[in-house]
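A short worksheet on the structure shown next.
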Number of protein chains: 2
Amino acid sequence: MGTIEPGATADVAPAETDERTRSRLLRAAVCIFDRKGYAAASVREIVEIAGVTKPALYYHFGSKERLLTTVLDEACREFTAAMERAVARKGTARQRLEALCEDLHGLFQEHVPVVRVAHATFFGPVEGAPPFDFTLFDRRLEAAVRRIVEEGQAAGEIATAASAADVSLVIMGVIGVFAVRQIHYSFEPIGLDTMRRVIGLIFDGVLREQGQQGERRQ
Amino acid sequence: MGTIEPGATADVAPAETDERTRSRLLRAAVCIFDRKGYAAASVREIVEIAGVTKPALYYHFGSKERLLTTVLDEACREFTAAMERAVARKGTARQRLEALCEDLHGLFQEHVPVVRVAHATFFGPVEGAPPFDFTLFDRRLEAAVRRIVEEGQAAGEIATAASAADVSLVIMGVIGVFAVRQIHYSFEPIGLDTMRRVIGLIFDGVLREQGQQGERRQ
DNA sequence: GTCTATACAATGATAGAC
DNA sequence: GTCTATCATTGTATAGAC
């Protein structure tokens, strides 16, 4: 405003506008990718929703592909962090698994559109969409589950007869079903109480031999 | 060839060519939809792979959308038929569920590209791709599983303490995990032996109270 | 950093001959 | 039923002013 020398304005405005533009673009991208899909989403519509212009998008992300990978990268980062917090918890294996499932449930609930875009990309075509290693997230989740199961076995809470890998597979399946029910339009989401009940169902079959459990017979 | 009257050739060739063209188009469509996705797939490439021309596609299917829905419809029909055969089987609930899972596993194995297209459509965007009721397949599968579970409960093979719906949810989860591992590039498919072991894992927690089972203690 | 204006390829679909 | 030729539209991405 009051600066005399042209070009020397060390204003904070540029950088501030920069971040606003960037985040506006990211939010708009998630919205359009979710509704139209990556391939059918046009940069025209994205910048329109974001309230910016095309060159702004290419300045910040370079391409439509990098716009998607940035969205997925940030989501993956956040989910991984939450997963690590969950696995660091104390308690019985059952309590920890329940907490992990509840955390994921809550996280998905907060970011339904992003999770939908992630699923669409995961199940989408190989060509056309940029490569993104989703198995990273999947492997991390399975590793977290398996670790809790193994520690539960070591603590004598879970039968060692069943391999931790098999148990983890069942848990992963339940998590998957609940996630799908949460994000897909055609289903009404399943409540947390049902989730806990189902986990209990699995556990009753994974517990150590009934005779050793003590509390069991009623 | 030797016909005198022009246009009066009641040859069988046209109809025969018709069906060949149609099925060639369907196979090419699955191939391209699988690799590029519905939105990014171009009718140009599809007809090129099929060895026909664009107007032939529009003559048989009317639009790109109907080409996809036809593919999915036929797949859904075949899968549903196999599901009904599986649920009609005799034996214990465990045997029937194992058989159902094995049948699905085999069916998916035979039609990996179609199953991938189905998943991509299911998890894909609402707009852009033609509407297709996949919950139909999902609901049928869940109904089949639940029915077997309920009959298992009635026969005294499965504990009535757990709701059939909850048990079905766990089975659906396992089926889902195995299906994903089968069709997705990033995973190596899980073998049938593992599948049986995992089902056994679930069952050991769903069986009636151990004391009543007789065979149980070793 | 953000704009206007534009380059240029590829798309789904059709008209009309045969 | 299947073809050749073509249309109008939309796509991503960029050059250059400010």
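Lettering of chains follows the sequences in order, A, B, ..., and the numbering in each one begins at 1.
- Residue B:A40 is out of contact with every strand shown, counting any heavy-atom pair closer than 4.0 Å.
- Residue B:F61 contributes atom CZ, which lies 15 Å from atom C1' of D:dT2 at whole-angstrom precision.
- To the nearest 0.5 Å, the span separating CD on B:E98 from CZ on B:R89 amounts to 11.5 Å.
- Between the NE2 atom of B:H60 and the C1' atom of D:dC3 there is a distance of 13 Å, given to the nearest Å.
- Using the six-membered ring where Trp is involved, B:F108 and B:F137 have ring planes that are tilted, between 30° and 60° apart.
- Atom CZ in B:R44 sits about 10 Å away from atom C1' in D:dT6, given to the nearest Å.
- Residue B:A39 is out of contact with every strand shown, counting any heavy-atom pair closer than 4.0 Å.
- The 12-atom threshold is not exceeded at CZ of A:R27, counting heavy atoms of other residues, nucleotides or ligands nearer than 6.0 Å.
- Between A:T53 and the phosphate of C:dC3, there is a side-chain N or O to OP1/OP2 separation shorter than 4.0 Å.
- Summarising the geometry, the separation between CD1 on A:I46 and P on D:dA13 is reported as 11 Å, rounded to the nearest angstrom.
- Rounded to whole Å, atom P of C:dT4 lies 11 Å from atom NZ of A:K54.
- With rounding to whole Å, A:Y58 atom OH is found 18 Å from C:dT6 atom P.
- If B:K64 and B:P55 are placed on DNA chain C by their nearest nucleotide, the residue sitting closer to the 5' end is B:K64.
- With B:L100 as the fixed residue, the side chain to side chain contact (heavy atoms under 4.5 Å, CB included) test singles out one of B:I199, B:V145, B:I171, B:V87: B:V145.
- B:T21 has no side-chain polar atom (N or O) that falls below the 4.0 Å cut-off from OP1 or OP2 of D:dG1.
- Atom CD of A:E65 and atom C1' of D:dT12 are 11 Å apart (whole Å).
- The distance between atom CD of A:E48 and atom P of C:dC3, rounded to the nearest whole Å, is 13 Å.
- Distances were taken from every side-chain heavy atom of B:A56 (C-beta onward) to each of C:dT2, D:dC3, C:dT11; the shortest belongs to D:dC3.
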